[in-house]
Colleague: 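First, the structure itself, so that you have it in front of you.
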Amino acid sequence: MESAITVKGQATIPKPIREHLGLNPGDRVKFFVHPDGSVVLLPKVSASALRGMFKSRTRRPVTTEQMTKAAAESAVSRNPRRRHR
């Protein structure tokens, strides 16, 4: 899938991607740039939505990378793919 960039730097997220991520008008997304140059787009999850999401048996600290990964996995699991008709 592809999308053109407008003169304002905007692009339309293709419908199958919006459906896969469960995005609706007004939702916000985050872009993550990895060291290899790849970019990942994920729905933005509010801090309040994360409350109670993690069940920790220990009180050891977690890294930002671990939290980002857990939030991304949760976002995908909460928005299962819809079948195309």
Side-chain angles (χ1 to χ4, degrees):
M1 280 177 256
E2 59 184 57
S3 180
I5 304 295
T6 69
V7 294
K8 291 183 177 182
Q10 299 172 335
T12 299
I13 301 170
K15 185 176 180 179
I17 302 298
R18 292 191 316 265
E19 288 177 344
H20 174 75
L21 294 175
L23 295 173
N24 295 304
D27 286 350
R28 300 190 58 84
V29 295
K30 290 192 76 145
F31 296 91
F32 297 93
V33 180
H34 293 276
D36 67 0
S38 62
V39 178
V40 175
L41 167 98
L42 292 172
K44 184 173 181 187
V45 180
S46 68
S48 61
L50 296 175
R51 183 173 293 126
M53 184 182 296
F54 305 105
K55 307 274 190 255
S56 177
R57 296 173 198 262
T58 63
R59 291 287 184 181
R60 65 186 168 144
V62 294
T63 66
T64 304
E65 184 177 284
Q66 290 170 316
M67 288 189 283
T68 300
K69 181 180 176 186
E73 289 171 355
S74 174
V76 171
S77 68
R78 289 184 316 136
N79 298 301
R81 294 181 187 184
R82 296 181 186 165
R83 295 192 185 270
H84 300 283
R85 295 181 185 175

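Values below: all heavy atoms of this structure, side chains included; hydrogens, waters and symmetry mates excluded.
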Colleague: What verdict does the side-chain contact (heavy atoms from CB on, under 4.5 Å) test give for L21 and L41, after you've listed the backbone C-alpha separation in whole Å, the side-chain angles of each residue and the deciding distance to 0.1 Å?
Modeller: CA-CA 9 Å; L21 294 175; L41 167 98; 3.7 Å; yes
Colleague: Contact between I13 and M1 at the side-chain level, heavy atoms closer than 4.5 Å - yes or no?
Modeller: no
Colleague: Could you pull out all residues at least two apart from Q10 that satisfy side chain to side chain contact (heavy atoms under 4.5 Å, CB included)?
Modeller: T6, K8
Colleague: Can you name the nearest heavy-atom pair linking T12 to S3, along with the distance?
Modeller: O-OG, 2.7 Å
Colleague: Mind checking side chain to side chain contact (heavy atoms under 4.5 Å, CB included) for V33 and listing every partner two or more places apart, or none if nothing turns up?
Modeller: V39
Colleague: Return the set of residues passing side-chain hydrogen bond (donor to acceptor under 3.5 Å, both in side chains) with S38 (not counting sequence neighbours), or none when no residue passes.
Modeller: D36
Colleague: Sequence neighbours excluded, which residues qualify as side chain to side chain contact (heavy atoms under 4.5 Å, CB included) partners of K69?
Modeller: E73
Colleague: Starting at CD of E65, measure out to CE of M67 and round the result to the nearest 0.5 Å.
Modeller: 11.0 Å
Colleague: Indicate the atoms forming the closest heavy-atom contact of V40 with L42, along with that distance.
Modeller: CG1-CG, 3.8 Å
